[in-house]
Amino acid sequence: MEPAENDKRWHTCGYVRLSCEDGDGRESNSVTGQKNLIRDYISRRPEFIECGMKVDDGFSGSDFERPAFREMMEEVKAGKINCIVVKDLSRFGRNYLDAGEYIERIFPFLGVRFIAVNDNYDSLNDRGEMESFLIPFKNLINDAYCRDISVKIKSQLAVKRKRGDFVGAFAVYGYKKDSDNKNRLVRDDFAAGVVRDIFRLKLEGVSAGDIADRLNEEGVLSPMAYKKAEGLRYATPFSPDGEGLWTASAVLRILKNPVYTGVLAQGKTTAVSFRVKRRVEKPGAEWDVAKNAHEAVISGEDFEVVQKLLARDTRTSPGGKKTELFSGMVFCGECGGPMVRKTVPAKNRKYVYYVCGTHKNEKTCFSHSIPAGALADIVLFSLQGQIRMQGFRDKGSPAGLAVEAAWQKNGENRLKAHLERRQAEAEKCRLVLDSLSVNLAKGVIDRAEYEELKKGFRIKLLAAEHKISEIREKMGRAAKEDKGVIRRWEQFEKYGNVTKLDRAMTAFMIDGIFIRRNKRVEIVYNWR
């Protein structure tokens with residue numbers, strides 16, 4: 001014979017939930033505060049036997065996918081717990097539908113007594129229709145609160161992203177959070193050095209897989225392992241095995257990430273709703289992108305060259321570790337298709353040619369080819385000529401001085417005088433407008449003259465201000481162009497006495513090489 005409900009012993013478990021995202025900063029809602037309240041409640045009732053305290057610290061109440069809650073439910077199903085005590089219904093959950101499902105269906109089915117102390121709710125004491133109305137109503141209020149908090153948090157994060165604040169949980173590899181401002185990224189010197197090495201190796205023609213192998217051989221910690229070594233509780237879906245070694249995919253993620261040029265692109269995904277945590281991709285036009293948000297590790301020019309290389313066919317030669325010198329750069333001048341490398345053995349020697357891939361595979365273009373060695377000689381000769389012609393080998397040469405003068409002409413100095421004239425014109429209009437009211441009051445001009453003059457000078461002022469805005473915009477673009485030109489000058493100086501081609505040089509200098517059927521070679525460079 002089972003004991004009466006009043007004499008029954010209840011194997012009781014306290015449940016505590018704390019979330020930083022729903023405003024639970026008050027002391028009464030702290031983990032310690034909830035535990036003390038629940039234990040005090042249990043200790044004053046002799047029929048309760050405390051069987052544990054489950055705590056979900058840092059979990060939202062919008063769903064029940066919480067580790068401590070799932071563990072508690074397993075113990076309920078195993079018959080170890082038949083009573084659950086929480087501080088209030090909002091600590092149990094803020095999802096109206098799911099909370100109601102547990103309280104009204106699942107717990108009664110499993111024979112579990114449910115108590116919310118501050119809401120004065122005990123499922124053992126049925127208070128009739130009023131109770132059946134109040135509990136769903138409180139759950140509905142909690143659900144609405146969760147929805148409201150979700151909207152507010154999304155809005156705050158959107159504002160931060162738009163103004164260039166970093167809102168991620170962890171800084172991207174190569175950076176760390178500023179100790180004085182967690183929404184700002186600052187360079188991590190060691191990791192930034194690894195990033196620069198990765199870009200340098202790619203420019204030299206090393207494949208992503210071989211870059212990863214080199215880093216592993218040198219004992220360089222992968223991004224995941226490095227963050228853990230720095231004491232961060234970091235996890236990533238990209239390394240499910242937990243070993244944290246460098247992989248080709250990890251290298252490619254770094255090579256394709258514009259964050260290293262100072263660009264912060266955030267808000268790429270969004271949750272389906274505040275109840276459904278599954279995230280979906282957003283169109284690129286809806287991303288929040290901020291330029292010059294932090295210090296760049298890689299120049300924009302190097303980043304663009306690497307993106308071109310990644311978009312090309314960069315296969316390595318059989319048994320080789322580096323990408324072929326002209327891989328992805330050589331095209332048929334007749335059909336526009338890629339020229340492919342073909343090795344022809346003859347008399348114990350191997351001869352390498354570039355042949356039209358379209359003709360080789362489909363027989364729809366002309367049969368023409370060029371020896372790889374001859375092509376390298378032609379490109380080297382052309383590059384040397386370009387460098388001499390541009391005058392970059394000597395800044396003091398007439399050509400070098402002419403280029404320098406052109407930069408000044410295209411930069412801020414060219415527009416400064418124009419800006420000053422427009423600013424003086426705008427100031428003159430403001431002074432005249434200020435004096436019109438005085439002249440009207442003194443009777444120097446009548447009302448009709450006042451209105452006509454005021455209208456005319458307002459139009460002139462607006463036109464001057466519009467021109468000032470345009471000039472400043474042009475000055476900004478010119479300054480950016482100057483930096484690009486200076487960057488090219490530095491690269492030309494670097495390669496000024498070139499006697500041998502390498503992958504980094506060809507990638508930086510050349511956009512494409514076109515081979516005509518009459519053996520004519522046309523080279524398109526990465527500058528005008």
Under the side-chain contact (heavy atoms from CB on, under 4.5 Å) criterion, do Leu310 and Leu255 qualify, and how do the steps go?
CA-CA 9 Å; Leu310 293 175; Leu255 292 173; 4.0 Å; yes
For [X] against [Y], the heavy-atom pair lying closest together:
{"X": "Ala212", "Y": "Ala248", "result": "CB-N, 3.9 Å"}
{"X": "Tyr353", "Y": "Ser369", "result": "CD2-OG, 4.2 Å"}
{"X": "Thr499", "Y": "Leu380", "result": "O-CD2, 3.3 Å"}

With a 3.5 Å distance limit and no angle check, can you tell me whether [X] reaches the backbone of [Y] through a side-chain donor-acceptor pair?
{"X": "Asp57", "Y": "Arg17", "answer": "no"}
{"X": "Gln423", "Y": "Ile468", "answer": "no"}
{"X": "Lys227", "Y": "Phe170", "answer": "no"}
{"X": "Gln307", "Y": "Phe303", "answer": "yes"}
{"X": "Asp511", "Y": "Tyr525", "answer": "no"}
{"X": "Thr261", "Y": "Pro258", "answer": "yes"}
{"X": "Asp210", "Y": "Val206", "answer": "no"}
{"X": "Asn216", "Y": "Trp246", "answer": "yes"}
{"X": "Asp178", "Y": "Arg184", "answer": "no"}
{"X": "Lys54", "Y": "Pro67", "answer": "no"}

Less than 4.5 Å apart, any side-chain heavy atom of [X] and any of [Y]?
{"X": "Cys356", "Y": "His368", "answer": "yes"}
{"X": "Ile378", "Y": "Ile370", "answer": "yes"}
{"X": "Leu203", "Y": "Asp302", "answer": "yes"}
{"X": "Leu433", "Y": "Arg458", "answer": "yes"}
{"X": "Lys308", "Y": "Val305", "answer": "no"}

I need the Phe331 CZ to Tyr354 OH distance, nearest 0.5 Å.
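Here the interatomic distance stands at 11.5 Å.
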Phe457 ring centre to Lys460 NZ or CZ under 6.0 Å, with the angle to the axis within 45°?
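So Lys460 does make the cation-pi contact.
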Within 45° of the six-membered ring axis of Phe59 and under 6.0 Å from that ring's centre, is NZ or CZ of Arg66 located there?
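Geometry flag: not set, cation outside 6.0 Å or 45°.
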Intermediate values then yes/no, side-chain contact (heavy atoms from CB on, under 4.5 Å), Leu215 and Ile198
CA-CA 9 Å; Leu215 294 172; Ile198 289 173; 4.0 Å; yes
Ignoring hydrogens and geometry beyond distance, is a side-chain donor-acceptor pair present between Ser222 and Tyr173 at under 3.5 Å?
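Result is no, nothing qualifies.
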Anything under 30° is parallel, anything over 60° is perpendicular, the rest tilted; go ahead and classify Phe199 against Tyr260.
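The arrangement is perpendicular - the two ring planes meet at more than 60°.
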Mutual orientation of the aromatic rings belonging to Tyr175 and His294 [parallel < 30°, tilted 30-60°, perpendicular > 60°]:
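Taking His294 first and then Tyr175, their aromatic rings stand perpendicular (interplane angle over 60°).
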Go through it in stages, so that I can follow the logic: the residues are Glu295 and Val186, the test is side-chain contact (heavy atoms from CB on, under 4.5 Å), and I'd like the CA-CA distance, side-chain angles, deciding distance and then a yes or no.
CA-CA 7 Å; Glu295 183 182 1; Val186 293; over 6 Å; no
